[in-house]
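Along the sequence shown, residues are numbered consecutively beginning with 1.
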Amino acid sequence: MRGLLVAVLALAALFGVSLALRERPFGIERLWTSLFGPPDLGPVDFTRLVRRASPNDALACPVGLCGDARVDIVTPVYDLPHHILAARVRALVEAEPAARRVDEAGGGRGDRFVVRTPLMRYPDTVDVLVLPAEGGRSTVAIYSRSQIGRSDLGANLSRIRRWLDNPALKGAEIKG
């Protein structure tokens, strides 16, 4: 029994050190990469998006863009030009303490980020596509998905809601 306790304590200590080291050798981010592969899950095509069967993703999308995919949040049209909305959304994502852009907008792809959870540093891939809308306005699609685990306990949806509810975007929606 004592040997088991020592082994459990040693593993807990190693895990604690791994958390503290983050992306350095023997850090938790390197551990997740060695166990589950690169944290960036790659780009998505919002028009052909197929949602996961497991509850570890979230989708915010304007009407008509995401085909048959189940949408968690229907995004509004913003009274902002495409380039201004894109800059504001990018700033919101990059303000996250553990967000890193892995692909930049171009060719209609949008931006892609890896955002890590605060404690366990689990990686989530977030695709953001800002689209022009009628009258010089714009809208946005956001798909956030976890690499690790069956459930994200609502983290991806909560993140998207927090961004869309940010004052930098909240006052710019077209009403009605």
Side-chain angles (χ1 to χ4, degrees), residues 32 36-118 121-176:
W32 296 146
F36 300 100
D40 177 10
L41 298 176
V44 297
D45 178 348
F46 282 96
T47 63
R48 296 182 179 149
L49 185 65
V50 176
R51 296 283 303 269
R52 296 170 165 197
S54 59
N56 64 354
D57 69 349
L59 176 63
C61 198
V63 172
L65 175 66
C66 293
D68 293 332
R70 178 182 47 80
V71 174
D72 297 305
I73 301 169
V74 175
T75 55
V77 172
Y78 295 91
D79 195 15
L80 295 170
H82 171 266
H83 69 280
I84 291 177
L85 181 61
R88 288 185 184 187
V89 172
R90 182 181 284 175
L92 286 173
V93 178
E94 290 179 338
E96 293 281 317
R100 180 175 55 90
R101 190 168 9 143
V102 293
D103 194 19
E104 190 168 335
R109 290 186 325 267
D111 290 330
R112 192 170 64 256
F113 302 85
V114 170
V115 181
R116 292 189 178 272
T117 61
R121 311 293 296 168
Y122 296 133
D124 297 335
T125 300
V126 182
D127 285 86
V128 177
L129 180 63
V130 176
L131 300 160
E134 202 172 298
R137 297 174 174 139
S138 55
T139 189
V140 62
I142 305 172
Y143 182 51
S144 184
R145 61 211 189 273
S146 300
Q147 179 190 36
I148 300 171
R150 175 162 165 65
S151 173
D152 67 354
L153 303 174
N156 286 297
L157 184 58
S158 175
R159 176 185 301 123
I160 292 173
R161 278 200 175 116
R162 185 176 69 251
W163 292 341
L164 294 175
D165 287 343
N166 187 286
L169 301 183
K170 197 63 180 165
E173 309 108 329
I174 302 296
K175 307 292 186 220

side-chain hydrogen bond (donor to acceptor under 3.5 Å, both in side chains) involving T117 - partner list, sequence neighbours excluded: none
pair V128-R90: side-chain heavy atoms closer than 4.5 Å: no
Side chain to side chain donor-acceptor pair (under 3.5 Å) contacts in which one or both residues fall within residues 129-138, not counting sequence neighbours: D79-R137
Results of side-chain hydrogen bond (donor to acceptor under 3.5 Å, both in side chains) for R150 - residues two or more places apart only: none
All side-chain hydrogen bond (donor to acceptor under 3.5 Å, both in side chains) counterparts of S146, not counting sequence neighbours: D124, N156
Short side-chain donor-acceptor distance under 3.5 Å, R145 and T125: no
Partner set under side-chain hydrogen bond (donor to acceptor under 3.5 Å, both in side chains) for E96, not counting sequence neighbours: R162, W163
Flag side-chain contact, heavy atom, 4.5 Å: V126 against R159: yes
Atom pair CG (N166) and CG (L164), whose distance is rounded to the nearest 0.5 Å: 9.5 Å
Gap separating the CG atom of L80 from the OG1 atom of T139, nearest 0.5 angstrom: 11.0 Å
D111 side chain near V93 side chain, heavy-atom distance below 4.5 Å: no
Stepwise side chain to side chain contact (heavy atoms under 4.5 Å, CB included) test for L169 and L92: CA-CA 9 Å; L169 301 183; L92 286 173; 3.7 Å; yes
Rounded distance [0.5 Å steps], CG in D127 versus CG in D103: 8.5 Å
Show me the donor-acceptor pairs within less than 3.5 Å that the side chains of residues 55-66 make with the rest of the protein, sequence neighbours left out.
residue: N56; atom: OD1; partner: R52; partner atom: NH1; Å: 3.1
residue: N56; atom: OD1; partner: S54; partner atom: OG; Å: 3.0
residue: N56; atom: ND2; partner: G149; partner atom: O; Å: 2.7
residue: D57; atom: OD1; partner: R51; partner atom: NE; Å: 3.3
residue: D57; atom: OD1; partner: R51; partner atom: NH2; Å: 3.0
residue: D57; atom: OD2; partner: R51; partner atom: NE; Å: 3.0
residue: D57; atom: OD2; partner: R52; partner atom: N; Å: 3.3
residue: D57; atom: OD2; partner: Y143; partner atom: OH; Å: 2.6

For A133 against V77, the heavy-atom pair lying closest together: CB-CG1, 4.1 Å
N/O donor-acceptor pair under 3.5 Å between H82 side chain and G136 backbone: no
Side chain proximity check, F113 to E94, heavy atoms < 4.5 angstrom: yes
Step-by-step side chain to side chain contact (heavy atoms under 4.5 Å, CB included) determination, R101 to R112: CA-CA 6 Å; R101 190 168 9 143; R112 192 170 64 256; over 6 Å; no
Heavy atoms from other residues, nucleotides or ligands near CG of D165 exceed 12 (cutoff 6.0 Å): yes
Sidechain N-carboxylate O distance under 4.0 Å for R70, D72: yes
